[in-house]
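These notes are about the structure you will find just below.
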Amino acid sequence: MLRLLGVAVLLNLLLLLPLWLRFEAISTRWIALEAVLLVALLVLLPAGRLGWLRPLLTFTVVVAVLAGLGDVATHLAFGRSLNLYLDLPLLRSVFHLLEGNLGTWAAWAASLAALLLIGLGGWALNLGLRTGQRQAPGVATALVAVLLVVASTALMAAQWHHQRWLPVVRAPAMDTLRFQGQQLIETHRAHREFSARMAAAPTQATALPGLAGRDVLLMFVESYGASSVFDPRFSEVTLPRLDEMAQRLDAAGLSVATGMLDAPIRGGQSWLAHATTLSGLWVDNSLWYRLMLASGRPTLVDDFSATGHRTLTVMPAITLAWPEGVAYGFDEIHAAADIDYAGPPFHWVTMPDQFTLHHFEQRIREPAEEPLFAQIALISSHAPWTPILPVLDDWDEVGDGSIFHRWEDAGDPPDVLWQDMERVRDHYALSVDYALHASARWAEAFVDDETLLILLGDHQAAPLIIGEEAGFGVPVHVISGDAALLEPFLARGFVPGTRPGSPEATAGLDVLRGWLHEDFGE
């Protein structure tokens, strides 16, 4: 009987752990109905009769627990629920994030440790089921077991129909597996709807003669969201920078208008924000992303090619093969290996933003003989947000990037910084400040009448940093030496200057392509 009690406790802890982590409320969730039902069945059915069922039960429980823990992690990172059908491919990205922050060996060690823990948990559970009740129970024990089977089954049936008769009990495995099944059905339905939207999208590129002959630069700032501007925890750093940015741009003879648009994601997966902006389609998951790229539908890349621009992308975070860039049809792809950087990486960040901007200006833009359409990703404000670098006053000092070696060991390493979440939030604000500072100094020096710069956030930071109630808005700054280029944005609700008028987004990033068509197209 003690063995059965141990099995019951182990099952209960495993099944409820994701709920406790997700809602931080142990006191209201004490009992997992599946644990009660399974242990009662162990009493009624001797272990020898469960030989074929034991591995299946173990596998089901482990999958349910892993899915529950994955849901917790997805909420903390992206502010949404886990979708196994869409999110399993992200495991590779998670590994690369660990690799960038901890190093290759530490990333492999952490991954193997996680697999070992999963294996040990499954083994312990299977062993507990195998060493449960071996003898026929007494009449009283059997009667109690029958009552528990009936009660737990009734409570689970009620919960299946969204009725909760006892507040302290849950059926977490049932809920998790049912939710993932529903996600699968809904994803397939949404797949058909997305395919229909793609079929209705324009099939031809749209030339933009109103921007012919001008450099058009789409510059994404990592994790730059509405919370950076409107959340008091971060705004005391960001707002002074935006005000200084406005003064510098004005002194340089540049005009700026700012608005707020919704990104399709939070916390990560920047490529979905890029895809949404380029395609004019709302792309908020990896399946839509693959479908959009495979469809051959035109994007802003094709629009600017039709306008006579040389199209390119500067992606310093891309360190592996990137067939998506080829699918977009860029004339040039400048990934990390294509950028001559002699400085050190800063954990996940392969090179600081100031070097990325310097390289773009000196090695790509200045030698170009035709107008450019460039998508540029600035990544210094990506986690782990350490160290925080200074912005060099003299762009010639940037050189080949070797000057950044002096800050190679500056600041706390991620494993030290991330022991204090308030310090992490401080560093997040400072990293956004660095990205905006570098961008403003670059725009001040190199944006002119023949340039349209759209400087925007790719997504909000993770809910772990900014809170789950934060929305999806990202600031969008439109900058040019030709004030007439900003008039269409002002007419659509943007405001003069660098401060957004409101934290509420007026539309999504998917509207930008259509706006450019309407305001500058044929």
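Fair warning: this is a prediction, and the values are worked out from it, not measured in the lab.
Evaluation of the salt bridge (charged side-chain N to carboxylate O under 4.0 Å, His left out) rule for D482 yields R214 as partners, not counting sequence neighbours. When the salt bridge (charged side-chain N to carboxylate O under 4.0 Å, His left out) test is applied to D448, no partner is found at least two apart in sequence or on another chain. Scanning for salt bridge (charged side-chain N to carboxylate O under 4.0 Å, His left out) contacts around D302 gives an empty result, with sequence neighbours left out. Take H274 and apply the ring pair (Phe, Tyr, Trp, His ring centres under 6.0 Å) test, not counting sequence neighbours, and it matches F220. Contacts of R425 classified as salt bridge (charged side-chain N to carboxylate O under 4.0 Å, His left out), with partners at least two apart in sequence or in another chain: E422. Looking at residues two or more places apart in sequence or on another chain, you find a ring pair (Phe, Tyr, Trp, His ring centres under 6.0 Å) between Y328 and F330.
Residues R365 and T451 bring a donor and an acceptor atom of their side chains to less than 3.5 Å of each other. No hydrogens or angles considered: a donor-acceptor pair under 3.5 Å links the side chains of S228 and Y428. Side chains of S223 and Q460: a donor-acceptor N/O pair is absent below 3.5 angstrom, by distance only. For the residue pair H459 and S270, a side-chain donor N or O sits within less than 3.5 Å of a side-chain acceptor on the partner.
Using a 30° and 60° split on the angle between ring planes, Y224 and H477 fall in the parallel class, below 30°. Note: F489 and W515 have perpendicular aromatic rings, judged against thresholds of 30 and 60 degrees for the angle between ring planes.
Interatomic distance, D458 CG to Q269 CD, rounded to the nearest 0.5 Å: 11.5 Å. Within the model, atoms CZ of R363 and CG of D400 stand 8.0 Å from one another, a figure rounded to the nearest 0.5 Å. From M245, atom CE reaches atom OG of S439 across 6.5 Å, with rounding to the nearest 0.5 Å. A distance of 7.5 Å separates CD in E370 from CG in D331, rounded to the nearest 0.5 Å. Here the CG atom belonging to L392 is positioned 5.0 Å from the CD1 atom belonging to I403, to the nearest 0.5 angstrom. We find the CG-CE distance between L378 and M351 to be 11.5 Å, quoted to the nearest 0.5 Å.
Using a 4.5 Å heavy-atom cutoff, the side chains of P496 and L490 are in contact. Annotation: side chain of V221 is in contact with side chain of S381 (closest heavy-atom distance under 4.5 Å). By the 4.5 Å heavy-atom criterion applied to side chains, T350 and I379 are counted as neighbours. Side-chain contact check for L261 versus L456: every heavy-atom pair is 4.5 Å or farther apart. Considering only heavy atoms from C-beta on, H334 stays 4.5 Å or farther from M315 through its side chain. At a threshold of 4.5 Å between non-hydrogen side-chain atoms, the residues T356 and W442 do not count as touching. Inter-residue side-chain proximity for L485 and F520 is flagged as met; some heavy-atom pair is nearer than 4.5 Å. Using a 4.5 Å cut-off on side-chain heavy atoms (C-beta onward), F446 and W395 make contact.
Nearest heavy atoms, V229 versus S235: O-CB, 3.0 Å. Between F355 and G401, the closest heavy-atom pair is CE1-N, 3.6 Å. Scanning both residues, P316 and A336, for their nearest heavy atoms gives O-CB, 3.3 Å. Minimum interatomic distance between Y434 and P390 (heavy atoms only, all atoms of both residues): CE1-O, 3.7 Å. Scanning both residues, T277 and L300, for their nearest heavy atoms gives O-CD1, 3.6 Å. Smallest separation of non-hydrogen atoms from L242 and T498: O-OG1, 2.6 Å.
In this structure, D353 contributes its side chain and S380 its backbone to a donor-acceptor pair below 3.5 Å. The closest donor-acceptor contact from the side chain of T386 to the backbone of G411 lies at 3.5 Å or more, if one exists at all. Counting only distance, with no hydrogens or angles, the side chain of T258 and the backbone of G497 share a donor-acceptor pair below 3.5 Å. In terms of modelled atom types and a separation under 3.5 Å, the side chain of H382 and the main chain of E222 share no donor-acceptor contact.
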Test E324 against Y289 for side chain to side chain contact (heavy atoms under 4.5 Å, CB included), laying out the working first.
CA-CA 9 Å; E324 294 93 330; Y289 182 64; 3.3 Å; yes
Under the side chain to side chain contact (heavy atoms under 4.5 Å, CB included) rule, what do Q375 and V314 come out as? Steps first, then yes or no, please.
CA-CA 6 Å; Q375 173 190 262; V314 182; over 6 Å; no
What do the steps show when you test V237 against L430 for side chain to side chain contact (heavy atoms under 4.5 Å, CB included), and what is the final call?
CA-CA 7 Å; V237 174; L430 291 171; 4.2 Å; yes
Applying side chain to side chain donor-acceptor pair (under 3.5 Å), run through H358 and E361 and close with a yes or a no.
CA-CA 5 Å; H358 176 73; E361 186 63 35; over 6 Å; no
In sequence, state the C-alpha distance, the side-chain angles, and the governing distance for V256 and V478, and then conclude on side chain to side chain contact (heavy atoms under 4.5 Å, CB included).
CA-CA 5 Å; V256 56; V478 187; over 6 Å; no
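Taking the centre and axis of the six-membered ring of F472, the NZ or CZ atom of R266 falls inside the cone set by 45° and 6.0 Å.
D412 has a carboxylate O that lies under 4.0 Å from a charged side-chain N of R423, or vice versa, which qualifies the two as a salt bridge. Of the charged side-chain nitrogens involved, at least one lies within less than 4.0 Å of a carboxylate oxygen, so that R492 and E518 count as a salt-bridged pair.
The aromatic ring centroids of F373 and H309 lie 6.0 Å or more from each other.
Counting heavy-atom neighbours within 6.0 Å of E397 CD, excluding the residue itself, gives a total above 12.
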